[in-house]
Amino acid sequence: MSVINPNETATAWKAHTRETAVQLYLSGADGDAAALVGARVAGFPISLNVAPVTDLIDPEDLAGSAAAVVQVDPAEPTSLMRFEKLASSTRTPLIAAAYEPPLALVRQLVRAGAHDVVPLPLDIADLETSLLPIRDQIKRNASSANSANGKMVCAIKSVGGSGATALLTQLAIRAAENEERVGREVCLLDLDLQFGNAAFQLGLRPQLTFFDLVEAGGRIDGELLRATTVQHPSGLKVIAAPASLMPLDAVTSEQIIEIVDIAKREFGTVFVDLPSSWTNWSLSLLAQADLVLLVTELSIGGLHRARRQVDLLREQDLASVDLRVVVNRFEKG
């Protein structure tokens with residue numbers, strides 16, 4: 001078997017930096033297949049493997065590949081068996097390729113596990129059409145994995161003026177400095193929609209705020225989210241509260257959760273400053289938080305409000321939330 005991939009030379013290839021490619025297993029490099037060598041289709045580089053259609057393909061050779069295009073010859077039953085065996089032993093998406101494939105063959109290949117069947121000689125446009133759904137699925141899987149690995153820390157206040165925002169911003173700055181050393185990012189999302197002043201306390205003057213994300217509606221993505229942030233010298237990314245008072249019920253739980261999920265995918269760790277008043281969406285966020293900081297003062301009013309908030313979490317079946325009570329402005333006397 002010969003392998004043709006000008007993107008991977010003996011001097012340049014390194015396992016840990018190898019780019020996800022699409023493997024072509026064809027019996028020859030004639031026509032458009034030759035033009036695919038060194039090309040990119042659907043954003044993937046192409047790696048051409050020239051071998052008879054009866055040669056077995058080791059499933060381990062597909063590890064880390066975006067997809068594999070495997071030639072099938074209906075006149076060679078062994079090639080059909082090869083495809084069926086490969087499909088049953090790999091999770092890499094397979095695309096079958098054949099010269100003028102009859103409908104019966106297409107059905108047989110799809111039942112065997114083919115994501116699609118393309119005609120030979122290969123046409124770049126046809127291959128692109130087949131690979132686009134696979135590319136989109138890879139992106140969705142990556143986004144879900146990143147979101148699952150992201151962390152969210154929420155701060156709630158027992159009473160206004162307890163210093164929760166000041167404590168949260170300092171904690172976020174320290175986290176951002178630590179994460180920057182290992183190439184990761186941290187974001188602070190100010191969701192105190194009426195009285196949030198995290199950006200002001202950090203000496204920042206944002207051009208865009210959380211309000212712009214709400215206005216964007218369904219157009220929110222990672223790029224827009226990043227454009228809304230303003231950066232602190234520590235590296236902390238901040239999404240500021242709206243410049244004008246915004247009703248707490250102007251956003252839904254679905255909107256808030258979507259924004260936070262995108263922030264977790266983009267930045268990894270997200271600190272969220274919540275309003276003093278409870279809403280359905282603030283409770284929904286707490287249910288998904290990895291850590292909740294309840295900031296209070298050592299006063300009768302502060303401790304009473306803090307106890308009521310702990311009771312509320314229990315009533316909402318949120319007793320399993322990792323809750324830490326932080327007593328601010330405490331002095332021994």
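Side-chain atoms of Lys85 never come within 3.5 Å of backbone atoms of Leu80 as a donor-acceptor pair (strictly under, hydrogens ignored). Judged purely by atom type and a 3.5 angstrom limit, Arg226 uses its side chain to pair as donor or acceptor with the backbone of Glu266. Formation of a donor-acceptor pair under 3.5 Å by the Trp281 side chain with backbone atoms of Leu248 is found in this model. Under the 3.5 Å distance criterion, the side-chain polar atoms of Gln194 are left unmatched by any main-chain donor or acceptor of Leu245. A distance-only check finds a donor-acceptor pair linking the side chain of Gln255 to the backbone of Thr252 [under 3.5 Å].
Using a 4.5 Å heavy-atom threshold, the side chains of Val310 and Leu313 count as separate. In this structure, Pro59 and Ser89 have side chains that are in contact, with non-hydrogen atoms separated by less than 4.5 Å. Inter-residue side-chain proximity for Val295 and Ile156 is flagged as unmet; no heavy-atom pair is nearer than 4.5 Å. Within the 4.5 Å cutoff, the side chain of Thr296 has heavy atoms near those of the Val327 side chain. Contact annotation: the side chain of Val53 never approaches that of Tyr25 to less than 4.5 Å [non-hydrogen atoms, C-beta and beyond]. No side-chain heavy atom of Leu26 sits less than 4.5 Å from a side-chain heavy atom of Val50. Side chains of Val238 and Cys187 form no contact here, defined as non-hydrogen atoms less than 4.5 Å apart. Taking the side chain as every heavy atom from C-beta outward, Leu293 and Leu171 approach each other to under 4.5 Å.
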- Let me see the working for Arg314 and Gln309 under side-chain contact (heavy atoms from CB on, under 4.5 Å), right down to the final yes or no. CA-CA 9 Å; Arg314 289 174 177 165; Gln309 291 184 345; over 6 Å; no
- Item | Worked check of salt bridge (charged side-chain N to carboxylate O under 4.0 Å, His left out) between Arg324 and Asp322 | CA-CA 7 Å; Arg324 312 291 177 89; Asp322 188 357; 2.9 Å; yes
- From CA spacing to verdict: side-chain contact (heavy atoms from CB on, under 4.5 Å), Leu131, Ile95: CA-CA 9 Å; Leu131 288 172; Ile95 298 174; 3.8 Å; yes
- May I have the step-by-step check of salt bridge (charged side-chain N to carboxylate O under 4.0 Å, His left out) for Asp311 and Arg307, ending in yes or no? CA-CA 6 Å; Asp311 291 340; Arg307 178 55 186 266; 3.3 Å; yes
- Is there a side-chain contact (heavy atoms from CB on, under 4.5 Å) between Leu86 and Leu62 once you walk through the steps? CA-CA 10 Å; Leu86 183 62; Leu62 303 185; 3.9 Å; yes
- Verdict with supporting geometry, Met246 and Val251, side-chain contact (heavy atoms from CB on, under 4.5 Å): CA-CA 9 Å; Met246 183 176 179; Val251 292; 3.8 Å; yes
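Grouping the Ile, Leu, Val, Met, Phe, Trp and Tyr side chains by contacts below 4.5 angstrom, directly or via other members, places Leu202 with Val186. Cluster membership check: Met152 shares its hydrophobic cluster with Phe267, using side-chain heavy-atom separations under 4.5 Å among Ile, Leu, Val, Met, Phe, Trp and Tyr. Cluster membership check: Val260 shares its hydrophobic cluster with Val321, using side-chain heavy-atom separations under 4.5 Å among Ile, Leu, Val, Met, Phe, Trp and Tyr. In this structure, Ile239 is not a member of the same hydrophobic cluster as Phe200, with clusters built from ILVMFWY side-chain heavy atoms closer than 4.5 Å. A single hydrophobic cluster is seen to contain both Phe211 and Leu193, as judged by linkage of ILVMFWY side chains at heavy-atom distances under 4.5 Å, directly or through other members.
In the model, Asp61 has no side-chain atom that pairs as donor or acceptor with a side-chain atom of Gln23 under 3.5 Å. With hydrogens and angles left out, the side-chain atoms of Thr54 and Glu76 include no donor and acceptor closer than 3.5 Å. A side-chain donor-acceptor contact under 3.5 Å links Asp273 and Thr165.
Looking at every heavy atom in both residues, Thr20 comes nearest to Ala66 through CG2-N, 3.3 Å. Heavy atoms only, all atoms of each residue included: Pro242 and Thr209 are closest at CA-OG1, 3.7 Å. Shown here for Gln71 and Arg82, the closest heavy-atom pair between the two residues is O-NH2, 2.9 Å. In terms of heavy atoms, Thr92 sits closest to Ser65 at CG2-O, 3.7 Å. Residues Gly235 and Glu180 approach most closely at CA-OE2, 4.5 Å, considering heavy atoms. Counting all heavy atoms, side chain and backbone alike, Gly150 lies closest to Asp290 at O-OD2, 3.9 Å.
Applying the 4.5 Å side-chain rule to ILVMFWY residues, one finds that Met81 remains a lone member of its cluster.
Of the inter-residue distances, the one linking Ile173 atom CD1 with Asn178 atom CG reads 12.0 Å to the nearest 0.5 angstrom. Between the OH atom of Tyr99 and the CG atom of Asp73 there is a distance of 9.5 Å, given to the nearest 0.5 Å. Taken from CG in Leu236 to CD in Gln170, the straight-line distance is 10.0 Å, to the nearest 0.5 Å. Put simply, OG on Ser234 and CG on Leu188 are 10.0 Å apart, with the number rounded to the nearest 0.5 Å. Expressed to the nearest 0.5 Å, how far OG of Ser130 lies from CG of Asp123 amounts to 10.0 Å. Put simply, CG on Leu225 and NZ on Lys237 are 11.5 Å apart, with the number rounded to the nearest 0.5 Å.
Each of Thr228, Ile259, Asp192 was scored for a side-chain contact (heavy atoms from CB on, under 4.5 Å) with Phe210, with one residue passing: Ile259.
Counted within 6.0 Å of CG on Asn280, heavy atoms from surrounding residues, nucleotides or ligands total 12 or fewer; the atom is thus considered open.
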